[in-house]
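Have a look at the structure below before the remarks.
Side chains are part of it too, since the values below use all heavy atoms of this structure and drop only hydrogens, waters and symmetry mates. Numbering starts at 1 and runs along the sequence shown. Just so it is clear, the structure is predicted and the values come from calculations on it, not from any experiment.
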Amino acid sequence: MNHQNAKRTLTSLFCAVVLAAGFSAHATSWPEKSVEMIVPYTPGGATDTVARAITQRLSERLGQTFVVTNKPGANATIGTAAAARAKPDGYTFVTVIAAHSVNPHLYDLHYKLSDFAPVALAAELPLFLFVAKNVPANTLQELVEYGKAHPGELTYGSSGAGSSAHLTGVNFAYQAGIDMTHVPYKGSAPILTDLLAGRVSMVFDPILVPMQYAKKGELKVLAISTENRWADEPNVRTVAESGFPGFAMGSWAGILAPAGTPQDIIDKMAAEISEIVKEPAVAQRFKDAGFVPVGDGPQAFQKRIESDSAMYAEIIKKAKISLN
């Protein structure tokens with residue numbers, strides 16, 4: 001090797017070492033300033049509750065301020081698009097729910113799923129099937145039998161077309177072979193009013209508010225949509241246990257970063273969130289909002305996003321759902 005080649009080799013090695021050192025230094029020095037957590041929903045909602053519980057503890061554990069910025073609108077696509085455009089330097093993250101996997105199949109978006117790097121699946125949000133008292137069914141099988149005997153009579157509410165509640169209802173009706181009518185609402189509160197009055201037959205909804213009325217006998221709760229039962233309501237059977245093997249749906253809350261964010265920062269953030277969601281006080285806040293703490297890292301979260309995207313695409317195609 002001549003002198004010139006040797007010099008080039010040493011220079012290349014030096015650059016590689018410096019580059020590697022730079023990458024490893026990201027996580028040790030991060031965060032050096034405040035970090036923004038975009039929440040594409042209104043303050044005070046379930047998603048906002050999860051984000052604030054996590055960011056509060058991140059601020060305390062990492063010694064820097066984590067600021068929640070609410071950017072609601074257009075089924076969460078406004079805030080999510082803002083996160084996609086953010087600089088991928090580890091100082092912008094976004095909290096999303098299962099609608100993130102749905103939206104590309106229903107809307108013309110200014111971003112793609114690949115514009116984000118997964119950080120952590122923070123929590124699951126099971127949906128319970130609440131049924132009005134005037135529906136003559138006390139089990140899921142009785143509900144299906146009634147639906148088959150009275151095609152088109154049963155209705156189900158949701159907080160909007162394309163929501164988890166809507167698509168869970170679509171999938172249930174499809175698998176049960178019954179004809180049900182979807183009734184979209186602007187939020188969960190008006191659904192509950194009509195459900196209590198018997199103006200809508202049922203809803204797949206989080207446990208938080210409707211279960212209070214089910215406990216008083218003003219509603220029936222026939223099933224839970226997720227793979228596992230809710231620990232505090234062990235007598236509520238899953239849809240899968242009630243005659244629909246493999247049925248597992250529900251929402252979730254997770255954290256994303258703009259694509260290109262240094263992986264060591266993502267890994268550090270994921271490790272912190274995994275610990276935070278296990279803390280009793282945080283777990284209780286999640287539970288109070290209807291969530292089950294999870295804390296899965298980037299790879300598991302990416303698989304969940306992709307599998308849900310494929311599932312929702314199939315449901316939307318089968319049901320011929322279009323928002324155009």
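With contacts defined as side-chain heavy-atom distances shorter than 4.5 Å, the pair Thr80/Asn103 does not qualify. For the pair Arg199 and Thr193, the minimum side-chain heavy-atom distance is below 4.5 Å. Between Phe291 and Arg285 there is no side-chain heavy-atom pair separated by less than 4.5 Å. A heavy-atom distance below 4.5 Å is not found between the side chains of Val35 and Thr55. At least one side-chain heavy atom of Met269 sits less than 4.5 Å from a side-chain heavy atom of Leu58. The side-chain heavy atoms of His100 and Val94, taken from C-beta on, include no pair separated by under 4.5 Å. Put simply, the side chain of Val277 does not reach to within 4.5 Å of the side chain of Val294, judged on heavy atoms. Taking 4.5 Å as the limit, some side-chain heavy atom of Leu129 sits within range of a side-chain heavy atom of Leu143.
Closest approach of Gly198 and Ala132 over heavy atoms only: CA-CB, 4.1 Å. Heavy atoms only, all atoms of each residue included: Glu227 and Thr238 are closest at O-CG2, 3.6 Å. Of all heavy-atom pairs spanning His105 and Ala313, the tightest one is CE1-CB, 3.5 Å. Ile315 and Val170 make their closest contact through CG2-CG1, 3.6 Å (heavy atoms, listed as atom of the first residue, atom of the second, distance). Here the shortest heavy-atom pairing between Gly147 and Ile178 reads C-CG2, 3.8 Å. Residues Glu36 and Thr69 approach most closely at OE2-OG1, 2.8 Å, considering heavy atoms.
Note on Asp296 versus Lys303: no salt bridge recorded, every NZ/NE/NH1/NH2 to OD/OE distance being 4.0 Å or above. Using a 4.0 Å cut-off between charged nitrogen and carboxylate oxygen, Asp115 and Lys112 count as a salt-bridge pair. Between Arg61 and Glu275 there is no salt bridge, since no side-chain nitrogen of the basic residue lies less than 4.0 Å from a carboxylate oxygen of the acidic one.
Rounding to the nearest 0.5 Å places CG of Leu154 at 6.5 Å from OH of Tyr146. Here the straight-line distance linking atom OG of Ser163 with atom CG of Asp205 works out to 9.5 Å at 0.5 Å rounding.
Legend: salt bridge (charged side-chain N to carboxylate O under 4.0 Å, His left out) pairs involving residues 171-181, not counting sequence neighbours: none detected. Contacts classified as ring pair (Phe, Tyr, Trp, His ring centres under 6.0 Å) and involving residues 235-281 (residues at least two apart or in different chains) are given here: Phe172-Phe244, Trp252-Phe301.
Legend: residues meeting ring-ring contact (aromatic ring centres under 6.0 Å, His included) with His110, ordered by chain and number and at least two apart, are absent. Glu306 is linked by a salt bridge (Lys or Arg N to Asp or Glu O under 4.0 Å) to nothing, counting only residues two or more places apart in sequence or in another chain. Considering only residues two or more places apart in sequence or on other chains, Glu60 meets the side-chain contact (heavy atoms from CB on, under 4.5 Å) condition with Gln56, Arg57. With sequence neighbours left out, Glu314 forms a salt bridge (Lys or Arg N to Asp or Glu O under 4.0 Å) with Lys318. The salt bridge (Lys or Arg N to Asp or Glu O under 4.0 Å) search around Arg237 returns none, not counting sequence neighbours. Take Tyr107 and apply the ring-ring contact (aromatic ring centres under 6.0 Å, His included) test, not counting sequence neighbours, and it matches no residue. Among residues two or more places apart in sequence or in another chain, the ring-ring contact (aromatic ring centres under 6.0 Å, His included) test is passed with Tyr111 by Phe116. Remark: Tyr156 engages His182 in a ring-ring contact (aromatic ring centres under 6.0 Å, His included) (not counting sequence neighbours).
Membership of the apolar cluster around Leu196 extends to Phe128, Phe130, Val183, Tyr185, Ile191, Leu192, Leu195, Val200, Val203, Ile207, Leu208, Val209, Met211, Tyr213, Leu219, Val221, Ile224, Trp230, Val236, Val292, as traced through chained side-chain contacts below 4.5 Å between ILVMFWY residues. In this structure, Ile78 stands alone, with no Ile, Leu, Val, Met, Phe, Trp or Tyr side-chain heavy atom under 4.5 Å from its own, directly or through other members.
One N or O on the side chain of Ser101 and one on the backbone of Ile305 form a donor-acceptor pair closer than 3.5 Å. Asp48 contributes no side-chain N or O that, together with a main-chain N or O of Val39, makes up a donor-acceptor pair within less than 3.5 Å.
None of Thr47, Asp308, Leu125 except one satisfies the side-chain contact (heavy atoms from CB on, under 4.5 Å) rule with Ser251; the exception is Leu125.
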